[in-house]
A.B. asks: 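Just passing along the structure, written as structure tokens.
Numbers restart at 1 for each chain; the letters A, B, ... are given by sequence-line order, proteins then strands.
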Amino acid sequence: MAEDIQTKLQNYRTAPFDARFPNQNQTRNCWSNYLDFHRCQKALDAKGVDTTPCDWYKRVYTSLCPISWVQKWDDQREEGNFPGKI
Amino acid sequence: MAFPSQLGFQDAASPVMEELLTFHDHALMIVFMISALIGYFIIAMVTANLSDMYILDSQEIEIIWTVLPAVVLILIALPSLRILYLMDEVNDPHLTIKAMGHQWYWSYEYTDYENLEFDSYMIPTQDLAPGQFRLLEADHRLIVPAESPIRVLVSAEDVLHSWAVPALGVKMDAVPGRLNQTAFIASRPGVVYGQCSEICGANHSFMPIVVEAVPLQQFEDWSALMIQDA
């Protein structure tokens with residue numbers, strides 16, 4: 001599993017087609033990958049295991065989300081007023 | 001690019017635009033055919049000395065001029081839908097670029113590997129070099145690799161804008177808080193121009209879009225240089 005995600009990450013070029021978001025509107029694709037990354041990190045940290053598998057979500061959301069959005073959400077998480085449930 | 005007293009579309013720089021041009025010609029041929037036929041009927045009827053006694057209450061001709069337009073409309077609708085769904089398809093893009101509309105400039109983000117971000121302002125008329133195009137040239141072009149599928153995610157930071165490049169067959173609204181996806185393949189190396197296509201305020205006319213397609217090697221050199229400079 002860990003090796004799979006390593007090769008997957010190495011072969012990463014850009015966010016691939018996601019069947020959950022086949023439409024023109026990709027807002028939720030960006031948003032849910034941002035959420036997934038932080039949920040994944042939280043969950044794996046709680047278990048005390050390696051969080052490398054989460055990096056996939058991070059690469060996808062950095063490809064998709066505008067830098068200003070990520071900056072805003074990071075600030076909100078720091079200040080504790082992030083609207084998403086992580 | 002566009003030229004003075006241009007009648008048709010710009011030359012295609014992407015496969016989708018080739019399709020759109022073909023469809024445009026197809027639809028225009030049907031329009032010409034109908035116009036010629038109707039023009040002939042009008043002139044024939046106005047100039048005729050006699051009137052046809054069978055033209056009134058004629059069921060046959062009623063059926064023909066009801067069914068025939070329906071067939072013509074289907075002949076337009078089917079290829080139109082084909083291209084509509086073709087344009088919607090984003091197949092395994094090699095690169096994702098974000099185009100963000102601002103009052104009044106575009107900024108571009110290449111974030112697949114590094115965070116490369118830059119603004120693209122119009123070059124004012126007095127600063128133009130000989131041979132450059134007034135109101136169309138930008139200080140930083142959007143550089144893309146030619147013959148590669150590119151995904152563009154369009155959004156805006158302030159008000160509505162629209163990212164449009166006619167030669168590539170792309171026009172996508174930029175809506176604050178929403179990411180709109182479109183895609184194109186630049187058929188060959190070259191420079192194509194576009195303009196903001198949604199009224200966005202005082203300088204709406206002065207935020208052009210310049211896309212430069214280059215071979216992949218040059219794209220890599222350029223992006224490495226841009227990241228180094230940043």
Side-chain angles (χ1 to χ4, degrees), chain A residues 4-38 40-41 52-79 81-85, chain B residues 84-102 106-119 144-145 148-158 161-163 170-184 216 219-220 223 227 230:
Chain A
D4 282 356
I5 197 77
Q6 284 294 355
T7 46
K8 220 178 153 186
L9 276 167
Q10 268 168 15
N11 295 331
Y12 182 90
R13 283 195 301 208
T14 190
F17 174 77
D18 188 333
R20 292 175 297 168
F21 310 102
N23 305 316
Q24 184 187 78
N25 186 357
Q26 293 291 309
T27 319
R28 284 199 86 83
N29 194 354
C30 147
W31 169 252
S32 54
N33 274 288
Y34 183 85
L35 279 185
D36 284 346
F37 171 68
H38 290 99
C40 171
Q41 272 217 321
T52 323
C54 306
D55 288 354
W56 173 263
Y57 298 121
K58 185 171 188 172
R59 296 216 63 172
V60 172
Y61 89 70
T62 37
S63 273
L64 296 176
C65 302
I67 296 172
S68 61
W69 294 15
V70 175
Q71 189 59 50
K72 191 179 92 185
W73 293 337
D74 285 347
D75 291 347
Q76 286 177 338
R77 275 189 313 108
E78 246 170 60
E79 289 165 20
N81 54 7
F82 182 67
K85 195 178 165 194
Chain B
L84 180 70
Y85 288 112
L86 201 72
M87 291 171 78
D88 220 25
E89 203 93 346
V90 176
N91 275 322
D92 191 26
H94 291 178
L95 182 69
T96 302
I97 298 172
K98 275 157 282 171
M100 306 292 291
H102 303 253
W106 290 97
S107 72
Y108 300 108
E109 300 175 7
Y110 299 67
T111 53
D112 285 335
Y113 303 96
E114 309 266 345
N115 274 5
L116 170 56
E117 184 192 17
F118 58 87
D119 299 337
V144 296
S148 299
I150 315 274
R151 171 203 278 143
V152 188
L153 294 168
V154 184
S155 186
E157 297 281 17
D158 34 49
H161 299 272
S162 179
W163 197 82
V170 172
K171 178 178 276 178
M172 187 54 65
D173 275 7
V175 183
R178 178 182 161 121
L179 274 179
N180 276 333
Q181 173 178 255
T182 182
F184 66 82
L216 185 62
F219 172 77
E220 286 177 353
S223 50
I227 290 165

A.B. asks: When you compare the side chain of A:Cys65 with that of B:Thr111, does any pair of heavy atoms fall below 4.5 Å?
C.D. replies: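 Of all side-chain heavy-atom pairs linking A:Cys65 with B:Thr111, none is under 4.5 Å.
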A.B. asks: Return the CG to CG distance between B:Leu179 and A:Leu64, rounded to the nearest 0.5 Å.
C.D. replies: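 Those atoms lie 7.5 Å apart.
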A.B. asks: Is the shortest side-chain heavy-atom distance between B:Asp112 and A:Arg13 below 4.5 Å?
C.D. replies: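 Sidechains of A:Arg13 and B:Asp112: no contact.
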A.B. asks: Which answer fits A:Phe21, side chain, backbone, both or neither, if we ask what part of it has an atom under 4.5 Å from a heavy atom of chain B?
C.D. replies: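 Neither part.
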A.B. asks: Which region of A:Trp69, side chain (C-beta onward) or backbone (N, CA, C, O), has a non-hydrogen atom less than 4.5 Å from a non-hydrogen atom of chain B, or is it both or neither?
C.D. replies: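 Looking at A:Trp69, just its side chain touches chain B.
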A.B. asks: If I measure from the heavy atoms of chain B, does A:Asn29 come under 4.5 Å with its side chain, its backbone, both, or neither?
C.D. replies: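 Neither part, no heavy atoms under 4.5 Å.
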A.B. asks: Atom OG1 in A:Thr27, atom CD in B:Gln181: separation rounded to 0.5 Å?
C.D. replies: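 Rounded to the nearest 0.5 Å, the OG1-CD separation comes out at 10.5 Å.
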A.B. asks: Evaluate the side-chain proximity of A:Thr14 to B:Leu95: yes if any heavy-atom separation is below 4.5 Å, no if none is.
C.D. replies: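 No; the side chains remain at least 4.5 Å from each other.
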A.B. asks: Surrounding CZ of A:Arg28 (heavy atoms of other residues, nucleotides or ligands, distance under 6.0 Å), is the total greater than 12?
C.D. replies: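 Counting neighbours around CZ of A:Arg28, 12 or fewer heavy atoms of other residues, nucleotides or ligands fall under 6.0 Å, so no.
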A.B. asks: Considering all heavy atoms of both residues, which atom of B:Pro93 and which atom of A:Ala15 are nearest to each other, and what is their separation?
C.D. replies: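 Closest approach of B:Pro93 to A:Ala15, heavy atoms only: CG-O, 4.4 Å.
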A.B. asks: Taking B:Ala183, B:Gly177, B:Ser155 one by one, which has the highest count of heavy-atom pairs under 4.5 Å against chain A?
C.D. replies: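 Ranked by heavy-atom pairs under 4.5 Å with chain A, first place is B:Gly177.
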A.B. asks: Answer whether the closest heavy-atom distance between the side chains of B:Met87 and A:Gln24 falls below 4.5 Å.
C.D. replies: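 B:Met87 vs A:Gln24: side chains apart.
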A.B. asks: Let me confirm one number: the NE2-OG distance from B:His102 to A:Ser68, rounded to the nearest 0.5 Å.
C.D. replies: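 That separation rounds to 7.5 Å.
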A.B. asks: Can you tell which part of A:Arg59 gets under 4.5 Å to a heavy atom of chain B, answering side chain, backbone, both or neither?
C.D. replies: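 Only the side chain of A:Arg59 comes within 4.5 Å of chain B.
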A.B. asks: Any sub-3.5 Å donor-acceptor pair from B:Glu109's side-chain atoms to A:Ile67's backbone N or O?
C.D. replies: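 Such a contact is found between B:Glu109 side chain and A:Ile67 backbone.
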A.B. asks: Could you tell me which of B:Glu117, B:Arg151, B:Glu89, B:Met100 has the largest number of non-hydrogen atom pairs under 4.5 Å with chain A?
C.D. replies: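 With the most close heavy-atom pairs to chain A, the winner is B:Arg151.
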A.B. asks: Is chain B contacted by the side chain of A:Pro66, its backbone, both, or neither, given a heavy-atom distance below 4.5 Å?
C.D. replies: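 Both backbone and side chain.
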A.B. asks: Find the distance between OH (B:Tyr113) and OG (A:Ser63) and round it off to the nearest 0.5 Å.
C.D. replies: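 It comes to 8.0 Å.
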